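First the proteins, then the strands, lettered A, B, ... as listed; each starts at 1. All heavy atoms count here, side chains included; hydrogens, waters and symmetry mates do not. Keep in mind the model is a prediction, meaning the values are calculated, not measured.
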Amino acid sequence: MGMKIYNTLTRKKEDFETLEPGKVRMYVCGPTVYNKAHVGHAMSALVFDIIRRYLMYRGYDVTFVMNFTDVDDKIILRANQLGVDPFELAEGYIEEYRRQLEQLNVLPATFNPRATQTIPQIIAMVQGLIEKGYAYPANGDVYFRVRRDEDYGRLSGRRVDEMQSGARIEIGEHKEDPLDFALWKAAKPGEPAWDSPWGPGRPGWHIECSAMNLTHLGEQIDIHGGGNDLIFPHHENEIAQTESFTGKPFARYWVHNGMLQLGGEKMSKSLGNLVTIEEFLREHDADVLRLMVLNSGYRNPLTFNDEVIEQTERTLERLKSALRPALPGAKGLDEESARKLTAQAEETREGFIRAMDDDFNSAVALSHLFELVRAINQARTAGAIDADLQVAQGVLRELAGVLGLRLQEKTEESHAADPFIDLLVEVRTELRKQKLWALSDLVRDRLAALGVILEDSKEGTTWRYQK
RNA sequence: GGCGACGUGGCCAAGUGGCAAGGCAAGGGUCUGCAAAACCCUGAUCAUGGGUUCAAAUCCCAUCGUCGCCUCCA
């Protein structure tokens with residue numbers, strides 16, 4: 001049974017077939033870098049990272065392109081406000097975002113093209129569109145002739161005739177039709193500009209993605225992704241430009257993630273209700289955000305608030321609980337129980353693949369992971385030794401890894417304290433033997449305050465780091 | 001106003017015609033000096049009102065509510 005993937009273009013789940021067998025060409029719209037990235041950007045990055053990782057797990061060779069829009073009105077405006085160079089401003093945010101994606105365990109893209117590095121290709125494409133009659137220059141601007149494209153509106157389900165009321169012409173624009181959109185914008189005084197056949201200017205927002213796709217992935221691609229707020233006008237315009245230029249269908253599957261909701265509203269820069277990635281990672285493990293994303297359908301809105309974060313922290317703890325070693329004094333599992341655990345691991349893997357094959361249903365995939373968590377913990381309670389748990393824990397790590405979860409118990413540097421904690425635990429065991437409960441509780445409480453959890457059992461005491 | 005999505009136990013959330021996944025919280029139990037963890041057990045008339053069907057959370061209509069896009073947005 002093959003994979004199914006929901007296509008915004010047809011509004012249906014479709015069988016996944018690539019243009020070239022075994023290879024996936026995938027493009028995701030990245031951020032406009034005029035400010036710090038927020039957790040909504042992270043959600044989108046995580047969704048497509050999960051999709052990419054799963055495609056790789058299923059044996060595809062994935063070429064993954066995510067762009068940076070590094071020149072536009074907002075960047076210029078903000079740079080002027082701060083009195084800095086717009087390119088340096090963009091560069092700073094790009095570097096910061098890259099670091100954050102790494103912290104979020106998002107695999108680096110095959111290419112990270114930028115608008116400013118794609119100018120010649122953009123100019124060539126605009127030129128081509130003019131020659132084919134799909135675009136026209138006007139006072140140093142170049143516009144796309146929307147009514148010339150009969151398919152326009154296919155992705156967003158809009159009809160050109162019904163869009164009149166929404167469209168408008170800004171002061172200083174010279175459109176033939178209010179629906180037309182800019183491919184190239186003439187430079188105003190003091191703005192960054194590149195020479196072009198139409199005079200100095202810079203690219204419009206939509207054309208850069210078309211040009212980058214063409215440059216790095218070719219005329220046709222398998223998956224084009226982004227937030228569902230990009231469906232109109234951005235992706236609609238991308239389709240119009242690219243298909244008018246090449247005469248071929250552009251992306252096979254259009255994939256859009258739902259918006260992250262903060263206080264019941266979309267988190268966005270313009271609403272000002274945002275939590276930056278930096279702020280989130282200061283307080284929480286990157287796995288927490290990823291788990292929040294995994295726990296619900298990628299196409300639905302994601303509830304983001306303190307209560308859900310708290311719940312997810314605990315969910316992550318449960319997932320990790322299965323990776324703990326055997327209990328002290330374990331005698332080993334009987335053959336029957338050992339066989340059951342191995343069988344559950346296989347069942348979990350199959351269920352996981354079945355779920356993810358169905359339009360990346362990560363919530364159901366997770367539920368299978370939790371079946372395995374329960375089975376492993378049951379086995380441990382029943383006296384399994386580490387060797388008994390090894391295979392099942394390996395499967396859990398493998399599948400969690402496919403989702404991009406790290407499930408790390410502790411950081412490298414904390415290893416230095418290990419022998420001292422062992423020593424404290426040993427001393428406390430003596431205290432307990434002598435029934436000096438107040439003292440032994442003090443040791444436990446003080447260690448807990450330092451993030452070290454002690455757990456007593458009949459056979460002895462185990463300890464672990466809290467996060 | 002136009003287009004679209006959604007409303008499932010206290011919370012998050014799968015499921016889109018055939019007895020309602022999973023996680024968190026809560027209550028009870030096992031274990032424990034106490035605690036923690038783990039394990040076992042417990043819970044849903046699927047927004048409301050009609051309709052179609054042998055059968056509906058799932059399809060159709062209406063109502064109420066929430067959200068997104070239509071302007072820069074992941």
Nucleotides 2-7 of chain B: protein proximity per nucleotide (B base, S sugar-phosphate only, - neither; heavy atom, under 4.0 Å) = BS----

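Listed by first and then second residue, the salt bridge (Lys or Arg N to Asp or Glu O under 4.0 Å) pairs involving residues 290-301 of chain A are D49(A)-R290(A), R299(A)-D359(A) (not counting sequence neighbours). Pairs engaging residues 389-405 of chain A under the side chain to side chain donor-acceptor pair (under 3.5 Å) rule: Y57(A)-E398(A), R349(A)-E398(A) [sequence neighbours left out]. Within the structure, salt bridge (Lys or Arg N to Asp or Glu O under 4.0 Å) contacts touching residues 372-394 of chain A (residues at least two apart or in different chains) do not occur.
Of the residues in residues 365-376 of chain A, those placing a heavy atom less than 4.0 Å from an atom of RNA chain B are S367(A), F370(A), R374(A), in numerical order. Shown for residues 442-449 of chain A: residues whose heavy atoms fall under 4.0 angstrom of RNA chain B, namely R444(A). Heavy-atom distances under 4.0 Å link RNA chain B to no residue of residues 382-405 of chain A.
Taking the side chain to side chain donor-acceptor pair (under 3.5 Å) definition, one finds that H216(A) meets it with nothing, sequence neighbours left out. Taking the salt bridge (Lys or Arg N to Asp or Glu O under 4.0 Å) definition, one finds that E336(A) meets it with R339(A), sequence neighbours left out. Residues satisfying the salt bridge (Lys or Arg N to Asp or Glu O under 4.0 Å) criterion with D15(A), sequence neighbours excluded, are K4(A). In terms of the salt bridge (Lys or Arg N to Asp or Glu O under 4.0 Å) criterion, residue partners of R314(A) (sequence neighbours excluded) are, by chain and number, E310(A). Partners of R324(A) under the side chain to side chain donor-acceptor pair (under 3.5 Å) rule, at least two apart in sequence or in another chain, do not exist in this structure.
We find that CE of M43(A) is positioned 13 Å from C1' of G68(B), with the value rounded to whole Å.
Taking atom P on both A26(B) and G33(B), the two are 24 Å apart, rounded to the nearest angstrom. Rounded to whole Å, the C1' atom of A13(B) lies 26 Å from the corresponding atom of G28(B).
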